[in-house]
Peer 1: 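One structure follows; several queries about it will come next.
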Amino acid sequence: MKDLQINQTNLRLAKGDITRCEVDAIVNAANESLLGGGGVDGAIHRAAGPELLAACRLLNGCRTGDAKLTPGFRLKAAHVIHTVGPVWRGGTHGEAELLASCYQKSLELAEANGIRTLAFPAISTGIYGYPLDRATAIAVGTVRTYSENHPQTIITEITFVCFDDATFRAYEQAFEESE
Ligand code: AR6
């Protein structure tokens, strides 16, 4: 498995639990309330501690496709970027654009806050039901395009963290197809 180096930015794949990542920021696949939930959202809130929920309460939610920043509290990551992916409704309700926007807005927020290393979960592919192959193609494509269009970016490392083997394989395929 090769990493993808695009200008300043290394795109890489990892298996495991995003809450343990030693990066400047981890991305949370949240819901519009930002008040916690299951999946990776639940895991991040458990690992960060109750201060995270208190910080999220001050943000007044987040629209689908948008992203907001909090500290990481008890996490190794200094920050959490909370983004809200689309619920899969057959693909004809703007899901692809909204999912791409999650990655784009997260990268812009990272850049604006001095974040150099960033880890993403596979947004929308769990509880929200987005087909894995389509979601990973959008994730890799959007991040790749961002890196190509921002040769002076401060973001040096972007990791796609895969919680299971099927997700890892889908990202491997997306990396191959993007080359
Ligand atoms: N580390 C990395 N990835 C994880 C972890 C973890 N600790 N736990 C789960 N995943 P999901 P969604 C993977 O359902 O589809 C919540 O209730 C998981 O295997 O967490 O965007 C929110 O509050 C899958 O590959 O997020 C929302 O209501 C990926 O993370 C809703 O779920 C995303 O699965 C969001 O649903």
Side-chain angles (χ1 to χ4, degrees), residues 6 9 11 13 18-19 21 23-45 48 52-53 55-72 77 79-115 117-150 153-155 157-163 167 170-171 174-175 177-178:
I6 315 284
T9 313
L11 274 51
L13 285 185
I18 201 167
T19 66
C21 284
V23 288
D24 293 341
I26 63 172
V27 177
N28 182 15
N31 59 63
E32 286 193 339
S33 78
L34 294 186
L35 299 180
V40 71
D41 193 8
I44 289 172
H45 275 271
L52 181 59
L53 183 57
C56 285
R57 283 193 197 286
L58 304 175
L59 297 176
N60 293 315
C62 181
R63 295 226 171 111
T64 300
D66 207 352
K68 293 196 175 177
L69 185 78
T70 66
H79 307 276
V80 180
I81 292 174
H82 305 264
T83 190
V84 183
V87 177
W88 178 256
R89 292 162 65 203
T92 56
H93 295 79
E95 292 95 327
E97 293 76 14
L98 289 166
L99 186 61
S101 175
C102 289
Y103 287 93
Q104 179 74 23
K105 291 277 171 63
S106 296
L107 290 162
E108 290 169 3
L109 196 55
E111 189 93 55
N113 285 278
I115 289 162
T117 59
L118 183 60
F120 282 102
I123 300 162
S124 282
T125 67
I127 292 163
Y128 280 179
Y130 210 110
L132 199 47
D133 53 344
R134 297 193 199 200
T136 53
I138 290 169
V140 174
T142 307
V143 169
R144 187 186 173 115
T145 300
Y146 182 91
S147 306
E148 285 169 352
N149 292 341
H150 295 78
T153 181
I154 61 161
I155 304 172
E157 188 186 274
I158 298 170
T159 306
F160 297 102
V161 181
C162 307
F163 205 49
T167 301
Y171 273 109
F175 268 43
E177 285 170 5
S178 97

Peer 1: Compare every heavy atom of D41 with every heavy atom of G36, then report the nearest pair and how far apart it is.
Peer 2: C-OD2, 3.3 Å
Peer 1: Which atoms form the tightest heavy-atom contact between L53 and L34, and what is the distance?
Peer 2: CD1-O, 4.5 Å
Peer 1: Can you tell me how far the NE2 atom of H79 sits from the CG atom of L118, to the nearest 0.5 Å?
Peer 2: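 One gets 10.5 Å once the value is rounded to the nearest 0.5 Å.
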Peer 1: Which residues pass the side chain to side chain contact (heavy atoms under 4.5 Å, CB included) test with N113, sequence neighbours left out?
Peer 2: L69, L109, I115
Peer 1: How far apart are the closest heavy atoms of I18 and A119, and which atoms are they?
Peer 2: CD1-O, 3.5 Å
Peer 1: CD of E97 to OG1 of T64: how many Å apart, nearest 0.5 Å?
Peer 2: 13.5 Å
Peer 1: In Å and rounded to the nearest 0.5 Å, what is the CG to OH distance from L11 to Y146?
Peer 2: 12.5 Å
Peer 1: Under 3.5 Å, which donor-acceptor pairs do the side chains of residues 81-90 form with other protein atoms, sequence neighbours left out?
Peer 2:
unit_1	atom_1	unit_2	atom_2	d
H82	ND1	N28	ND2	3.3
H82	NE2	T70	OG1	2.9
T83	OG1	D66	O	2.7

Peer 1: Say you draw a straight line from CG of L13 to CD1 of I158; how long is it, rounded to the nearest 0.5 Å?
Peer 2: 12.5 Å
Peer 1: Spell out, as yes or no, whether a donor-acceptor pair under 3.5 Å connects the side chain of E95 to the backbone of G91.
Peer 2: yes
Peer 1: Do F175 and T136 come close enough that some side-chain heavy atom pair is under 4.5 Å?
Peer 2: no
Peer 1: For T125, check side chain to side chain donor-acceptor pair (under 3.5 Å) against everything at least two apart and list the hits.
Peer 2: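 Side chain to side chain donor-acceptor pair (under 3.5 Å) list for T125, sorted by chain: empty.
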Peer 1: Evaluate N31 against Y128 for side chain to side chain contact (heavy atoms under 4.5 Å, CB included), listing each step before the verdict.
Peer 2: CA-CA 10 Å; N31 59 63; Y128 280 179; 3.2 Å; yes
Peer 1: How far apart are the closest heavy atoms of L98 and H93, and which atoms are they?
Peer 2: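 In this case the closest contact between L98 and H93 is CD1-O, 4.3 Å.
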Peer 1: Check whether D24 reaches the backbone of A77 with its side chain - one donor and one acceptor, N or O, closer than 3.5 Å.
Peer 2: no
Peer 1: Sequence neighbours excluded, which residues qualify as ring pair (Phe, Tyr, Trp, His ring centres under 6.0 Å) partners of H45?
Peer 2: none
Peer 1: Please tell me if the side chains of T159 and C21 come closer than 4.5 Å, counting only heavy atoms from C-beta onward.
Peer 2: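 They are not in contact (no side-chain heavy atoms under 4.5 Å apart), so the answer is no.
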Peer 1: Which heavy atom of A48 sits nearest to which heavy atom of L52, and what is that distance?
Peer 2: CB-CD2, 3.7 Å
Peer 1: Between CZ of R63 and NZ of K68, what distance do you get to the nearest 0.5 Å?
Peer 2: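 If I round to the nearest 0.5 Å, the distance is 9.0 Å.
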Peer 1: Taking side chain to side chain contact (heavy atoms under 4.5 Å, CB included) as the test, write out the residues that go with A139, two or more places apart.
Peer 2: Y103, F160, Y171
Peer 1: Judged by atom type as modelled, is there a donor-acceptor pair below 3.5 Å linking the side chain of T167 to the main-chain atoms of C162?
Peer 2: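 Not at all, since once roles are kept as given, no pair shorter than 3.5 Å links the two residues.
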Peer 1: If you measure from OG on S178 to CD1 on I6, what distance do you get to the nearest 0.5 Å?
Peer 2: 6.5 Å
Peer 1: Counting distance only, does the side-chain N/O of T153 pair as donor-acceptor with the main-chain N or O of I155 below 3.5 Å?
Peer 2: yes
Peer 1: Kindly write out the residues that satisfy side chain to side chain contact (heavy atoms under 4.5 Å, CB included) with I127, not counting sequence neighbours, or none if the list is empty.
Peer 2: none
Peer 1: Should V143 and T9 count as side-chain neighbours, where that means a heavy-atom distance under 4.5 Å?
Peer 2: no
